[in-house]
Structures are given as C-alpha cells and as structure tokens.
Amino acid sequence: MSIRSADLLFTPIPERIARLRDLAYNLWWSWHPEAQDLYRHIDAELWEQDYHNPVDFLRDVRQRKLEAAAADPEYLAAYDQVMAAFDRYMSAEDTWYRRAYPGANEMIAYFSAEFGLHESLPIYSGGLGVLAGDHVKEASDLGLPFVAVGFIYPQGYFRQRLDQSGWQEAIYAKLNFADIAAMPALTADGREVVVEVDLPGRAIYAKVYRIQVGRVPLLLMDTDIHPNSPQDRELSARLYGGDQEMRVAQEIVLGIGGVRALRQLGLAPTVWHMNEGHSAFLVLELMREKVAQGVPFSEAWREVRSQAVFTTHTPVPAGNDAFPLQLIEKYFNQFWPHLGLTREQFNDLALQQQNWGPTFAMTVLALKGSHAHNGVSKLHGHVARGMWHWLYPGAPQEDVPITSITNGVHSSTWLAPAMRRLYDAALGPDWEDDLDNVARWQKVHDIPDQQLWETRQALKRELVALARERTRQRHLRLGSPPQVWPVLDEHILTIGFARRFATYKRATLLFRQPERLKHLLNRSDRPVQIIFAGKAHPADDPGKLFIQQVYQLSQQPGFLGRILFIEEYDMALARALVQGVDIWLNTPRRPHEASGTSGQKASLNGAVNISILDGWWPEAYNGNNGWAVGEEREYSNQDEQDWNDAQHLYRILEQEVLPIYYERGADGIPHRWMKICKEAIASVSPVFSTRRMVKEYVTRLYLPPVEAER
Ligand SMILES: *Cc1c(COP(=O)(O)O)cnc(C)c1O
C-alpha cells in the first residue's frame with residue numbers, strides 16, 4: 001500500500017497490532033462489536049470522546065497505551081481472533097450469492113442520497129439513510145457484486161441542541177475527511193477520480209471518495225473542491241439543505257455525476273437501483289451514453305429500463321421531489337438534444353399534472369425509467385399503487401406495476417452483544433448464517449426467563465446511565481440548576497419513542513389527555529417512564545413545536561422524571577434505546593408510515609412493539625408479539641382519527657400492558673411479559689431483517705430480467 005499523507009498524522013502503532021489501521025479503514029468494524037472492543041480496550045475514554053471512530057481514535061491515542069495493549073496477552077488473543085474473522089470474511093468464496101448464482105456476471109449499483117452506516121459518519125438524516133446503510137452491509141454479507149453511490153456531506157446532517165425553552169437548534173460541524181474512513185477513490189492507473197457535470201453556464205466538479213464497507217465499496221461525491229464557485233462548493237455541504245434550484249443541481253450531480261464516477265473507475269453495472277427518486281437523473285445519463293453510441297432513443301430507453309430498479313419510500317405527495325418545468329428547462333436545455341428529444345418529449349419523461357400543475361417529477365421519471373418498482377411494505381405498496389395509478393390509465397389499481405418488498409434491519413448492526421450471547425446459546429453459534437430461518441428462531445422460547453429478564457434489565461441500566469450522562473451534559477451546557485434530578489428509574493417500565501419529528505408520526509398523541517397520562521405514569525404500584533428523542537427537519541417548524549411540547553411537558557410536576565427528552569438522536573442513541581427500553585411506541589397517522597424500521601430493531605432485542613397498524617406492523621403483528629393500536633381503516637377526519645387512536649392506546653396501556661408487566665412470579669420475574677418478548681423476537685427477527693429483504697431484491701428485482709436476457 002502506498003504511503004498516504006494521512007499516515008504521517010497517526011500515532012505510530014506497534015508492529016504486532018499494526019493491522020488496527022487496516023481494520024479502521026473498513027467499516028466491517030461497525031457491525032462487529034468485538035472489533036470495536038479492540039479500540040475501546042486501549043482507551044475507553046478516548047473511544048467515547050472520538051465517538052467510536054477508529055480512524056480518529058488512532059490519530060489521538062497515546063503511544064504508551066498502544067504499547068501496553070501490544071504487551072497484553074489477553075488483548076493479543078482477542079486481536080488475533082478478530083483479525084482472523086476479518087480475513088475470513090474478506091476472502092470468503094462460499095457466499096450466499098456465489099451459491100445461489102454460480103457463474104453470474106452481474107454488478108449492482110445502488111444509488112442513495114444518504115447512507116446511515118455509523119454514528120461517526122453523519123451523512124444520513126433518518127430511516128431512509130439507515131435503510132440504505134443496512135442494505136449495503138447486507139449486500140456485503142451476502143457477497144453481492146455491489147457498489148454504492150452517494151454524497152459525502154462536508155457538514156453532514158445537523159447536530160441537535162434544545163434551548164432552555166425546548167426549541168431545537170441546528171448545529172453544523174465541519175466533517176474532516178481525514179478523520180473518517182474515507183480515501184480518495186483511485187482509477188486503475190492511480191489517478192484520483194473527479195467527475196464533471198454541466199450546469200447552466202458552467203461545469204461543476206465532484207471529487208469521489210471511497211469508503212470500504214466490508215466487501216462493498218461506497219463511492220461518495222464531494223463538490224466542495226477547487227475550481228467550483230463558492231456557491232457550487234456548498235452544493236453538497238449539507239444533507240437536504242438549500243432551495244429547489246440547489247436540489248436540482250444536487251440531484252444532477254448524484255444521478256449523472258454518479259454514473260460518470262462509476263465509468264471512470266471502469267465499472268459497468270448491469271443493475272441500477274435507485275433508492276428513492278433523488279437519483280433518478282441517472283437514467284438520463286445512461287440513455288445519453290447509449291444514444292451517443294448510435295443507439296436510437298427508443299431502443300436506448302428500452303435497454304436502460306430493463307436494467308433499472310426503483311424503490312419508492314414516500315406515501316405523501318409533498319415528499320416526492322417535483323420541479324417546475326422552467327427550472328428543468330434551465331438545467332437541461334443543453335442536455336435533451338443529446339438524447340435527440342424535443343423539450344416536450346423530454347418533459348414527457350417525467351411529467352406530472354397532479355397536485356400543483358405541471359412539474360417534472362422525480363418519482364415519475366424513476367417509474368418510467370425502470371422496469372421494476374417497489375414500495376417498502378405491503379400496505380405501502382398498496383398506497384403507492386393508488387398514488388401512481390394515474391400513470392397507468394386503464395389498469396385496475398391493484399394491477400399498477402408497483403410491488404412491495406418490506407424493509408428489514410441489519411441484525412449485527414442493531415443487536416446488543418448481551419442478547420447475541422443468549423441467541424448463541426439458544427439457537428446455536430452459527431445462527432447468523434441461518435438468520436432468515438423462521439423455524440430456528442422458535443428456539444428463542446427455550447431461553448430461561450430469568451436469563452432473558454436479567455439481560456434486558458442490564459441493557460436498561462446501560463440506557464439509563466447514558467440518559468443521565470446526556471442530561472448532565474445538557475445541564476452543564478445550559479448552566480441550569482441541578483435540582484432537576486433524578487433522571488429516570490432503572491427499575492420501572494420504560495417506553496421509548498424516537499424517530500424523526502415529522503408531524504404525521506404524532507409524537508404527542510399520548511398527551512391528548514394529560515391528566516390521564518399523569519395518572520398512568522405515577523401509580524406507585526406500577527410506574528412508567530417515557531424516553532423521547534428525535535430531530536425535526538431544520539425547516540419544519542411544526543415538527544420543532546412538537547419537540548418543544550414534549551420538552552415542556554417533561555418539565556412539569558407529575559411528568560418531571562417520568563418523561564425525558566434526550567437530544568441528538570442518531571444511530572448510537574437509537575442503538576441504546578432499542579436495546580434498553582421495554583416497549584417501543586409507534587404512533588404514525590395511518591397510512592403515512594411507509595415501513596418504519598426502528599420497531600424491528602426493538603423486537604430483535606426483545607423490546608415489545610405497541611404500534612399503529614401502519615407500515616411493516618400489519619405484516620408482523622400476530623396477536624401475541626406486541627399490541628396493535630387503532631383500526632385498519634381510512635379516516636376522512638384527522639381529529640377523529642387522533643382521538644380514537646389515543647383512546648385505544650390509553651386503554652391498551654392501562655388494561656393490558658401495565659398489569660402484565662407488573663405481574664411477577666414468586667421469583668420476581670414477569671413470566672407472561674417474557675413470553676411476549678420471546679414471541680416478539682422469534683416472529684420479527686428472521687422476517688424483518690435485511691437478510692430476507694436483500695435476498696428478495698436479488699431474486700425478485702435484480703436478477704430475473706438479466707437472466708431472461710441471457
Ligand atoms: C432506525 C432509525 C430510524 C428509522 O426509524 P423509524 O421508526 O423507521 O422512523 C431513524 N433514525 C435513526 C437514527 C435510526 O437508527
């Protein structure tokens with residue numbers, strides 16, 4: 001390996017443990033807790049300070065500490081074990097993909113505007129990004145020939161602070177690329193990759209970085225480079241920042257620039273997966289390439305379509321990008337002649353008359369420009385078929401060609417190590433190779449109640465400790481008086497509610513009747529506490545108002561100490577919450593939640609879902625693995641819907657959840673509760689995993705048409 005300038009900034013690492021650096025540059029560590037432990041054990045305090053980022057850690061660590069580790073036999077044994085596992089993983093020949101498709105010669109390119117891989121890489125805002133990150137990790141685990149494409153945002157997504165009144169403030173910190181596991185992508189002959197894309201009156205350049213995610217390369221573009229104008233350098237500065245014009249430019253760089261980045265690297269994907277419509281301009285670039293080679297437009301269109309796959313995530317019209325035609329004219333009037341199209345023909349590729357008059361809609365472009373399309377749960381598939389029915393006139397709604405593949409989560413990323421040890425014992429140590437085997441997960445019922453209970457209690461204590469530390473830091477920052485203690489009680493029923501504070505998620509549904517809630521939280525024989533977390537989009541004032549309401553209520557007598565809002569929801573806090581709470585609460589206004597995945601993470605760890613029958617939950621709920629709130633029906637009156645759902649939620653908590661949770665055996669253990677936990681684990685883990693999900697993408701969307709062409 002050539003010497004990088006960054007090498008000079010690392011603390012010299014003793015030879016015996018020198019591969020800590022290789023490991024740091026492959027995000028494989030992000031889903032292998034034992035690999036993270038190799039860094040944590042060297043200096044636990046620094047590991048926290050550097051936010052679990054091994055690259056940063058290796059720059060900051062004291063040499064003395066590295067030397068101590070290199071002289072510790074116990075450490076070295078762990079080191080050797082992790083490195084051997086890492087090597088086995090990276091060189092494995094017998095992956096699922098190889099076995100399922102011997103001799104296949106495909107390559108899948110996966111485009112997404114955000115990727116949630118780890119808390120130290122703030123290039124995601126919420127569920128869409130985390131899903132993309134989990135998809136990439138699973139593609140690596142399954143051995144798919146896969147490359148992912150997105151943006152590296154120099155300022156990332158914002159960090160959240162609440163002021164004294166609970167109003168959200170957004171803080172943008174500069175991300176130093178040398179501190180993360182990103183390296184400039186290099187061509188075969190060692191040149192750095194810079195792509196060029198035309199914008200009105202100028203060219204814009206994007207430098208391409210590469211992050212290795214197990215066996216999969218993730219290519220991330222950055223426009224903050226010379227010789228771009230200051231304005232263009234800002235283009236990829238922040239995730240979802242800027243106005244519509246900035247967004248068009250951003251999406252041009254993502255879709256068109258992304259294809260060019262792959263070409264410079266000599267890659268020729270045979271499947272192009274657009275994760276949401278942000279990257280849909282890629283189909284235009286693929287067509288331009290073909291037309292430039294002399295292929296007639298209609299033939300080029302057919303060929304591109306046959307290779308493209310599109311996943312829609314947004315059941316709300318306003319959530320789908322649609323641009324005014326004038327804006328499109330400004331940005332593409334130099335482009336459509338390359339396709340041999342007139343302006344009208346070009347606009348027709350994505351024309352949407354619905355909602356706000358004629359626009360160029362990215363979802364329409366993606367639907368027309370791909371042969372296979374899916375929503376992300378069965379219910380969402382149904383909703384999407386209704387939303388886009390107008391594009392397929394004459395077809396009955398259920399024949400609209402949008403299928404569904406329900407989201408899942410990447411188990412190793414989200415599973416608590418302590419729970420993993422229970423599964424190792426109950427399911428057999430190789431259970432992960434067999435992750436989507438429903439029958440095998442039934443063995444979870446063999447876990448002794450006492451072990452499961454004690455493990456879950458320990459995880460709750462870890463969560464409470466983290467919540468206290470975060471709260472302490474907040475008080476230090478605000479200089480507020482210390483009498484707001486105590487923070488949380490580690491012995492009582494704990495409910496978690498954490499997700500983006502979009503208003504349709506109804507974070508304040510439980511507050512419909514504050515006195516009833518107060519009573520519910522404070523019965524001395526069965527107390528309850530609720531932990532909230534989540535960010536509102538910086539431009540979403542109604543969302544911020546919801547956060548403020550939660551915060552202010554949490555400061556009032558009767559709620560203080562029983563309701564807590566923790567700042568800065570991210571993957572680290574999400575992990576602690578889904579692993580540490582007893583109940584995961586989900587109250588979207590049906591049918592606005594396309595899938596939701598946080599509840600899947602919760603049940604994987606033995607937390608029980610109480611959820612509206614929206615997104616993935618109607619597929620998972622079986623009567624014994626949690627609770628379903630509300631009815632499977634449509635409302636025309638939102639107030640009525642909110643009221644009915646709140647009433648049902650209160651009833652479930654008062655009459656079922658609390659009595660069962662606080663019913664203890666002679667041994668002090670809530671056996672009926674444990675049964676529900678086990679049923680949640682066994683029914684959710686194998687099905688709502690990326691293992692099942694990515695296999696479905698491969699067998700249903702990625703490979704069938706390719707096979708047909710052979
Ligand atoms: C899993 C996850 C999400 C998605 O949660 P939903 O309940 O599906 O909205 C959002 N943000 C973070 C940080 C997550 O880990």
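Numbering of ligands and ligand atoms starts at 1, following listing order. Atoms considered below: every heavy atom in the structure, side chains included; atoms not considered: hydrogens, waters and symmetry mates. Numbering of residues begins at 1 and proceeds along the displayed sequence.
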Y157 ring centre to R238 NZ or CZ under 6.0 Å, with the angle to the axis within 45°?
no

side-chain hydrogen bond (donor to acceptor under 3.5 Å, both in side chains) partners for W47, two or more places apart:
none

Taking the six-membered ring of F158, is NZ or CZ of K535 closer than 6.0 Å to its centre and within 45° of its axis?
yes

All side-chain contact (heavy atoms from CB on, under 4.5 Å) counterparts of P154, not counting sequence neighbours
K174, F177, D222, D224, S236

Answer yes or no for R633 and Y635: cation-pi contact, defined as NZ/CZ to six-membered ring centre under 6.0 Å and angle to ring axis within 45°.
yes

Using the side-chain contact (heavy atoms from CB on, under 4.5 Å) criterion, which residues pair with A467? Sequence neighbours excluded.
L488, L564, I566

Name the residues with a heavy atom less than 4.0 Å from ligand 1?
G126, G127, V130, W414, R499, K505, Y569, D570, M571, A574, G596, T597, S598, K601

